[in-house]
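For reference, the structure is listed below as structure tokens.
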Amino acid sequence: FPLIAGAGTLTTILTLKAEFAHVSILTGIALNLGIVFAVLQFSGWIENKLGPAGLGILRKVFGIVLLSIAVKLIRAHLI
């Protein structure tokens, strides 16, 4: 549940509401739910295909993506 409707998600929705239309936000939420559902359904298969090294690399890549999103949000509200 926190992955789909946690504090970070709600903060992001409030931030996006200032810039985008409601239809775009709802479309993004629906796509996100679909992607999260698919990843959770196939997580065992993905884990077997990537192996321990692949999972470590994937964690680091998504950490960098999350960091870049955070920096973008901070810069957008400070400037």
Side-chain angles (χ1 to χ4, degrees):
F1 183 73
L3 179 68
I4 298 168
T9 303
L10 296 176
T11 303
T12 303
I13 290 172
L14 289 173
T15 303
L16 293 174
K17 190 175 177 185
E19 297 180 28
F20 299 102
H22 292 288
V23 175
S24 299
I25 295 171
L26 291 175
T27 303
I29 291 171
L31 286 171
N32 186 41
L33 284 172
I35 292 169
V36 168
F37 178 76
V39 168
L40 291 176
Q41 285 293 327
F42 295 106
S43 61
W45 181 82
I46 293 169
E47 184 178 1
N48 287 337
K49 291 294 179 186
L50 293 177
L55 288 176
I57 292 169
L58 196 61
R59 280 188 196 106
K60 290 182 183 189
V61 167
F62 279 111
I64 292 169
V65 170
L66 184 61
L67 180 64
S68 66
I69 292 170
V71 168
K72 179 184 180 278
L73 287 174
I74 290 170
R75 287 194 57 180
H77 294 290
L78 290 179
I79 296 176

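The first residue in the sequence is number 1, and the count goes up from there.
For the atom pair N32 CG and I29 CD1, the distance stands at 8.0 Å (nearest 0.5 Å).
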I'd like a table of donor-acceptor pairs (distance under 3.5 Å, sequence neighbours excluded) in which one partner is a side-chain atom from residues 66-74, with atom names and distances.
from	atom 1	to	atom 2	distance (Å)
S68	OG	I64	O	3.4
S68	OG	V65	O	2.7

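Proximity of a side-chain donor or acceptor of T27 to a complementary backbone N or O of V23 within less than 3.5 Å is detected.
The hydrophobic cluster around F42 extends to W45, I46, L50, L55, L58, F62, counting ILVMFWY residues whose side-chain heavy atoms fall within less than 4.5 Å of a member. Grouped by direct or indirect side-chain proximity (heavy atoms under 4.5 Å, Ile/Leu/Val/Met/Phe/Trp/Tyr only), L31 sits alone.
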